[in-house]
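We name chains A, B, ... by the order of the sequence lines, and we start the count at 1 in each one.
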There are 2 protein chains.
Amino acid sequence: MKRVTSTDVARAAGVSRATVSYVLNDSPDRAIPEATRLKVLAAAERLGYSPYAPARMLRRGRSDVVLLVLPDRPQGPVGHAMIEQMAATLATRGLTLVTHLSTAHGPGVWNAIAPAAVVGGMLFTPEQTEDMRRAGVGVIVPSDEQAAEVRRGESSWSFRIGQAQAAHLIELGVHPIRYALPDDPRLQDLARQRLAGARNACREAGLPEPETAVIPLDLAEAARLVDGWSGGVCAFNDEVALAVLGGLRAHGLRAPDDLAVIGADDIPAARLAAPPLTTVTIDAGHIGHNVACYVIAALSGEPPGPRPDADTIRVIPRASTR
Amino acid sequence: MKRVTSTDVARAAGVSRATVSYVLNDSPDRAIPEATRLKVLAAAERLGYSPYAPARMLRRGRSDVVLLVLPDRPQGPVGHAMIEQMAATLATRGLTLVTHLSTAHGPGVWNAIAPAAVVGGMLFTPEQTEDMRRAGVGVIVPSDEQAAEVRRGESSWSFRIGQAQAAHLIELGVHPIRYALPDDPRLQDLARQRLAGARNACREAGLPEPETAVIPLDLAEAARLVDGWSGGVCAFNDEVALAVLGGLRAHGLRAPDDLAVIGADDIPAARLAAPPLTTVTIDAGHIGHNVACYVIAALSGEPPGPRPDADTIRVIPRASTR
DNA sequence: ATGAAAGCGCTAACAT
DNA sequence: ATGTTAGCGCTTTCAT
């Protein structure tokens with residue numbers, strides 16, 4: 001299978017390679033008569049020509065690819081919607097989004113695809129950042145400053161999810177408040193951030209720190225662990241919340257009377273649980289769009305736009321609280 | 001931010017660019033004395049050199065990137081494990097896996113990254129295949145023959161999942177058997193295949209075709225729709241199954257006594273449901289590994305290996321049947 | 001209005 | 001054992 005090059009198109013159209021390039025990129029300040037234009041376009045179409053990306057990149061010194069590096073954990077519907085919206089927004093500027101799981105097999109992906117920008121679904125190590133810089137990546141998200149904010153626990157969406165959960169329980173006057181952690185090692189980073197948010201909400205309300213417990217996704221174990229609990233519990237996510245609900249059921253108890261339970265992420269199973277699970281959700285599309293806009297701005301050297309609004313997080317009250 | 005090139009390394013090491021290239025790719029049948037080798041390696045390390053992918057691709061005429069194109073629907077834990085394992089296996093051969101959502105914003109991704117192979121999480125249109133060929137993609141999965149098999153409903157894993165569900169119910173002597181479909185439009189293709197598998201199992205057992213019903217992920221709706229059902233139901237996936245279970249509960253009925261329910265995918269919520277949900281699961285790691293091996297073989301021009309074994313699909317019996 | 005030619009960074013065939 | 005050199009396919013400056 002031989003590659004069709006711009007030379008082929010030039011020959012077929014009876015013009016030079018330069019002219020082909022001008023037409024196909026419709027270069028500004030270039031006067032091409034309609035006749036030639038059409039000839040070239042027709043030839044390109046007929047031959048099924050598409051410029052070879054590596055050569056184009058090499059010459060122009062930049063790429064139209066944005067790389068999203070995801071942490072090694074399944075993306076639920078939220079993550080999916082985020083990626084989808086991000087890709088859509090980037091596409092409006094001719095940018096293509098590809099993703100990669102960050103299990104770090106082999107060396108950095110950025111070397112393999114030389115993207116214009118890299119967006120992290122998590123924080124990067126300084127070595128990684130350095131490596132990306134050397135690979136010629138122009139824009140890195142989160143930037144050093146953004147990463148620092150997250151590390152200080154001031155800004156991440158995860159933090160605010162934890163906050164919203166606890167705030168909801170506090171508003172309901174539930175007490176004491178506990179925090180149920182996942183046992184999956186891949187979720188520990190996220191859990192730390194969400195927990196920090198919940199702690200913060202308690203502190204601000206003048207309440208004691210929530211007690212924490214690791215709840216595996218196993219009915220028998222969960223039942224054992226929730227024995228004697230009362231008040232309310234913020235679960236790391238909906239799955240952990242379902243485990244708590246199940247543990248409760250095993251004792252013949254139920255939410256919210258015996259224990260108020262709030263989850264996070266609003267997975268489909270949440271609304272179908274017994275009882276339906278109160279949860280916290282995040283406007284994934286909005287976030288995806290925002291990130292994409294940030295990348296686009298940064299790539300064109302513009303100053304970073306305003307921070308995304310705070311109203312992307314919402315409690316969805318259902319029967320497991322209230 | 002200036003790019004570090006092999007010229008810089010050559011200068012720093014006091015050798016030619018060719019030597020640098022030889023050392024870094026440790027080219028076979030090239031005798032490089034240890035002394036030079038170390039000098040070059042040290043210089044490269046110190047300067048933080050990494051070869052520029054586009055230039056390398058241009059010269060070698062091939063890429064080390066494999067592109068996985070996913071259909072526009074959230075990947076559960078199964079999809080995630082599959083991708084993860086596939087990436088791991090590919091990495092052992094120096095191949096990097098990147099993924100892309102196939103919502104077809106803009107033109108094909110393959111033009112943007114010129115991958116060595118493209119693997120589809122779904123079928124490609126003939127136009128897409130043609131486009132990929134022209135973009136120089138060497139290996140395409142599914143191949144035309146594989147795609148034809150899937151279209152004939154003979155081979156896809158989805159088909160076999162449906163089959164396994166119905167077979168389990170049949171073995172239990174449950175009757176009649178229904179099939180519960182999802183209402184998410186993004187799942188219709190998959191649903192068709194799984195349903196076909198269930199139909200096939202019924203036919204082979206000499207049973208009538210299962211009646212179908214679309215069950216939205218909403219308790220009230222589900223309750224209305226399952227009213228009067230008896231026997232057993234194969235749900236498209238665990239979420240639909242949870243809706244059925246919820247609908248049953250609303251009538252004060254329960255599985256398996258009033259209706260046997262079997263799901264698919266074994267999402268975490270399945271084992272936490274009331275009652276715990278019988279489901280069908282697939283050995284994602286095994287599949288990911290197989291696909292990767294197929295790609296590796298095809299890239300080296302070898303004949304395609306043997307078909308993956310059939311034992312990657314398993315019923316996990318829990319309380320909602322039996 | 002169009003073409004000729006240089007060169008992006010890299011590898012590999014061919015010297016030396 | 002190492003260096004010289006010719007492109008890979010593309011865009012773009014400069015000439016015509």
Practice problem: For the pair A/Arg134 (side chain) and B/Gly48 (backbone), establish whether a donor and an acceptor sit closer than 3.5 Å, ignoring hydrogens and angles. | Solution: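 Yes: the side chain of A/Arg134 pairs with the backbone of B/Gly48.
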
Quiz item: Judged by atom type as modelled, is there a donor-acceptor pair below 3.5 Å linking the side chain of A/Ser300 to the main-chain atoms of A/Ala297?
Solution: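 Flag set: sc A/Ser300 to bb A/Ala297 pair under 3.5 Å.
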
My understanding is that only residues two or more places apart in sequence, or in another chain, count here; which of them pass side chain to side chain contact (heavy atoms under 4.5 Å, CB included) with [X]?
| X | result |
| --- | --- |
| A/Ser21 | A/Asn25 |
| B/Thr125 | B/Glu127, B/Gln128 |
| B/Ala298 | B/Val139 |
| B/Ser16 | B/Ala18, B/Thr19 |

Quiz item: Checking all strands, does A/Thr5 fall into the base, sugar-phosphate, or nothing category for heavy-atom contacts under 4.0 angstrom?
Solution: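 Sugar-phosphate: the residue A/Thr5, judged by heavy atoms under 4.0 Å, touches backbone atoms but no base.
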
Practice problem: Have a look at A/Thr36 and say if it touches a base, only the backbone sugar-phosphate, or nothing, with a 4.0 Å heavy-atom cut-off. | Solution: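 Sugar-phosphate, backbone atoms only, no base.
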
Self-check item: Those residues that, when tested against A/Arg37, pass side chain to side chain donor-acceptor pair (under 3.5 Å) (two or more places apart)
Solution: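 A/Glu34.
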
Quiz item: Which residues pass the side chain to side chain donor-acceptor pair (under 3.5 Å) test with B/Arg152, sequence neighbours left out?
Solution: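 Only B/Glu154 meet the side chain to side chain donor-acceptor pair (under 3.5 Å) criterion with B/Arg152.
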
Exercise. List the atom of B/Ala135, the atom of B/Trp110, and the distance in Å for their closest heavy-atom pair.
Key: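 Shortest heavy-atom separation between B/Ala135 and B/Trp110 comes out as CB-CD1, 4.2 Å.
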
Quiz item: Looking only at heavy atoms, which two atoms of B/Pro54 and A/Met57 are closest? And how far apart?
Solution: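 So the two residues come closest at CG-SD, 3.5 Å.
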
Self-check item: Under the salt bridge (charged side-chain N to carboxylate O under 4.0 Å, His left out) test, residues paired with B/Arg60 that sit two or more places apart
Solution: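 Per chain and number, B/Arg60 pairs via salt bridge (charged side-chain N to carboxylate O under 4.0 Å, His left out) with B/Asp64.
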
Exercise. Would you kindly give the CG-to-C1' distance between B/Asn25 and C/dC10, to the nearest whole Å?
Key: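 Whole-Å distance recorded here is 9 Å.
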
Self-check item: Positional range of nucleotides in DNA chain D within the contact set of chain A, heavy-atom, under 4.0 Å
Solution: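 In short, chain A contacts DNA chain D from D/dG9 to D/dC14.
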
Quiz item: Taking DNA chain C as the partner, which of residues 40-67 of chain B come within under 4.0 angstrom of it by heavy atom?
Solution: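 Within this stretch, B/Tyr49, B/Pro51, B/Tyr52, B/Ala55, B/Arg56, B/Arg59, B/Arg60 sit under 4.0 Å of the strand.
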
Using atom names, set out every protein N or O paired with an N or O of nucleotides 14-16 of chain C below 3.5 Å, distance rounded to 0.1 Å.
residue : atom : partner : partner atom : Å
C/dC14  : N4   : B/Arg30 : NH2          : 2.6

Practice problem: Rounding to 10 degrees, work out the angle separating the end axes of the helix from C/dA1-D/dT16 to C/dT16-D/dA1 (five pairs an end). | Solution: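 The angle, to the nearest 10 degrees, is 40°.
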
Quiz prompt | Rounded distance [0.5 Å steps], OG1 in A/Thr99 versus CG in B/Leu101 | solution =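 Atom-to-atom, A/Thr99:OG1 and B/Leu101:CG are 6.5 Å apart.
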
Quiz item: Relative to the 5' end of DNA chain C, which residue comes earlier, A/Arg17 or A/Ala31, by the nucleotide with the nearest heavy atom?
Solution: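 In this pair, the answer is A/Ala31.
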
Self-check item: Earlier contact from the 5' end, DNA chain D, for B/Thr19 and A/Ser6
Solution: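 Between the two, 5'-proximity favours B/Thr19.
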
All N/O donor-acceptor pairs, side-chain side in residues 73-83 of chain B, below 3.5 Å, sequence neighbours left out:
residue : atom : partner : partner atom : Å
B/His80 : NE2  : A/Asp72 : OD1          : 2.7

